[in-house]
Amino acid sequence: MVDVAVIGGGISGLATAWDLMRQGLDVVVLERQANPGGNAVTERIGGFLMEHGPTTIDARAVAATDMGGALGLDGERCELGPEVRNRYLVGNGGLRPIATHPMGFLMSDYLSPGARLRMLVEMAIPRGRGEADESIAAFCSRRFGPEFTERVMEPLVRGVYGGDADSLSLQAVFPALVNMERRYGSISAGVMMSRLSRRKMPGRRLYSWRGGIGSLPSLLARQLGDRVHTGVAVRRIRRNLNGFVIDAGSGGRISAGAVVIATQPHVSAQLLEGLDDEAAVAAGDIEAPPTAVVYLGYRREQVAHPLDGLGFFSPRSEGRSLNGVQFCSTMFEGRAPEGHVSLAGYFGGDGAPELARAPADALVALARDEFGDLLGAKGEPVVARVRHWPRGLPQYRLGHAERIAALRGAEDRIPGLFLTGNYFEGPSVGACLKLAGEIAARMSVMPGARWGGDETRIPAHAAP
Ligand SMILES: Cc1cc2nc3c(=O)[nH]c(=O)nc-3n(C[C@H](O)[C@H](O)[C@H](O)COP(=O)(O)OP(=O)(O)OC[C@H]3O[C@@H](n4cnc5c(N)ncnc54)[C@H](O)[C@@H]3O)c2cc1C
């Protein structure tokens, strides 16, 4: 019998449990895999540090919590390297550098003169009408023109979210753009106003830690200690008079006053079945198409390109199999041994799920071809690793807000049930951390009685 059972030991579940532990609650984390961390997996291979999942974290998200200090991670922080000067897009069969400042696209000839002119008149385009959910592609075409959408936005959305700009909801993925249009009538005007009001260009926001992003779940799990139970797959959750009974098959049963479901949406859908059918259907409607990450390490002289940037994305019209590539050893120090470089290629996602399921050797061959063609990489890589993610990033498709409302409704209908994960407020690690803090804060002010009737189970200092 525990106060709270957290199901799923990825960043979302671990961070929520860690906050609850610090509130003095008796919490357990039930994680299906042998190791906690979910998507956040870092591996060292002979001097290379490889990220199978997230590679960067948004500095603002960690700064908003005291997690960095409490876990001893602040001193481990590593910033983007000095060589990160460009972003690249594939155009006319080669890599085209785009400077990272706002005028980058206007000053480069990556877009046709007509498309650049169309971007310039964005301020004169009237506001969209109505409150209806709009796709990212429709919004961008309306405001910046079709060429910008096809050659910039679509590859960015495919590379970052593994998604399709025609089907993703602008409101759910980029709510700031919706607000800017409402407030200023134009995105260009909104960007200018926010820069003016901050009086300086925002600093670089992405960073990592010396030991990689996997340091975060490792340290959270270490502090949680024997509260984390790995190799435990939860099958079913039932309600009873005292709260919930969690059935983990051969892993046994646990009674809990409250339960936090912090799994991927398809698992949440299964666990919600019988508890709240409306929420189960909503979670089941959120797809997370497969993704594969191909990591290759080379000796420096094997790669002709200066690798002076974050990496590149490729528009669909270029016919490339890769969604995007990161120049890992340029992004952060300590990612490759002296005299070596490392690259990660991302395949699959919404546009090419079957590619993400291809065998590892086929994916390595594809990546080698593309790196050879676009980056001048030659010869056998020094290391090669492939990670298949059968479920990649959740897709915030049109109608996402309604699905989330149905899921949040279940929390009102079932006292003591809490839902979190990367399909609610954004798929980034930062968004997961922020939501974890919010869920734990909501639980801390909730009278124990709301959790199923037995107030005595909640420690006195945790009640309001
Ligand atoms: C390839 C890739 C690259 C990414 N790059 C970035 C990046 O650079 N920056 C960034 O901010 N974000 C990035 N992300 C996104 C980010 O990593 C994830 O959104 C985030 O880590 C998700 O954490 P989570 O805990 O919500 O979910 P998960 O990590 O999916 O954790 C869910 C956990 O639930 C467990 N579970 C499932 N079923 C059960 C069950 N029945 N019983 C018990 N446990 C169960 C799973 O084993 C898993 O550990 C990337 C993701 C991927 C896949």
> Under 3.5 Å, is there a donor-acceptor pair between the side chain of D164 and the main chain of G351?
Replying inline: no
>> Any side-chain to backbone donor/acceptor pair from D350 onto G163? Under 3.5 Å, distance only.
In response: no
Donor-acceptor pairs under 3.5 angstrom involving side-chain atoms of residues 62-76: please list them, not counting sequence neighbours.
from	atom 1	to	atom 2	distance (Å)
T65	OG1	V62	O	3.1
T65	OG1	M67	N	3.0
D66	OD1	R22	NH2	2.8
D66	OD2	R22	NH1	3.2
D66	OD2	R22	NH2	3.4
D74	OD2	G69	N	3.3

> Does a salt bridge link D285 with R403, judged by any charged N lying under 4.0 Å from a carboxylate O?
Replying inline: no
> Residues two or more places apart in sequence or in another chain: which of them pass salt bridge (Lys or Arg N to Asp or Glu O under 4.0 Å) with R408?
Replying inline: E411
> Does R158 have any side chain to side chain donor-acceptor pair (under 3.5 Å) partners at least two apart in sequence or in another chain, and if so, which?
Replying inline: E154, N323
What side-chain donor-acceptor pairs closer than 3.5 Å can you find for residues 224-232, not counting sequence neighbours?
from	atom 1	to	atom 2	distance (Å)
R227	NH1	L224	O	3.1
H229	NE2	D226	O	3.3
T230	OG1	A34	O	3.4

> Does any pair with a residue in residues 364-385 pass salt bridge (charged side-chain N to carboxylate O under 4.0 Å, His left out), and if so which ones, sequence neighbours excluded?
Replying inline: E43-R385, R320-E370, R320-D373, R368-E380
> Do any N or O atoms from the side chain of Q23 and from the backbone of A440 form a donor-acceptor pair under 3.5 angstrom?
Replying inline: yes
>> With a 6.0 Å cut-off on the ring centroids, do F312 and H305 count as close?
In response: no
>> Tell me which pairs pass salt bridge (charged side-chain N to carboxylate O under 4.0 Å, His left out) where either residue lies in residues 234-255, with sequence neighbours left out.
In response: none
>> Does atom CZ (R222) have a neighbourhood of more than 12 heavy atoms from anything else shown, all under 6.0 Å?
In response: no
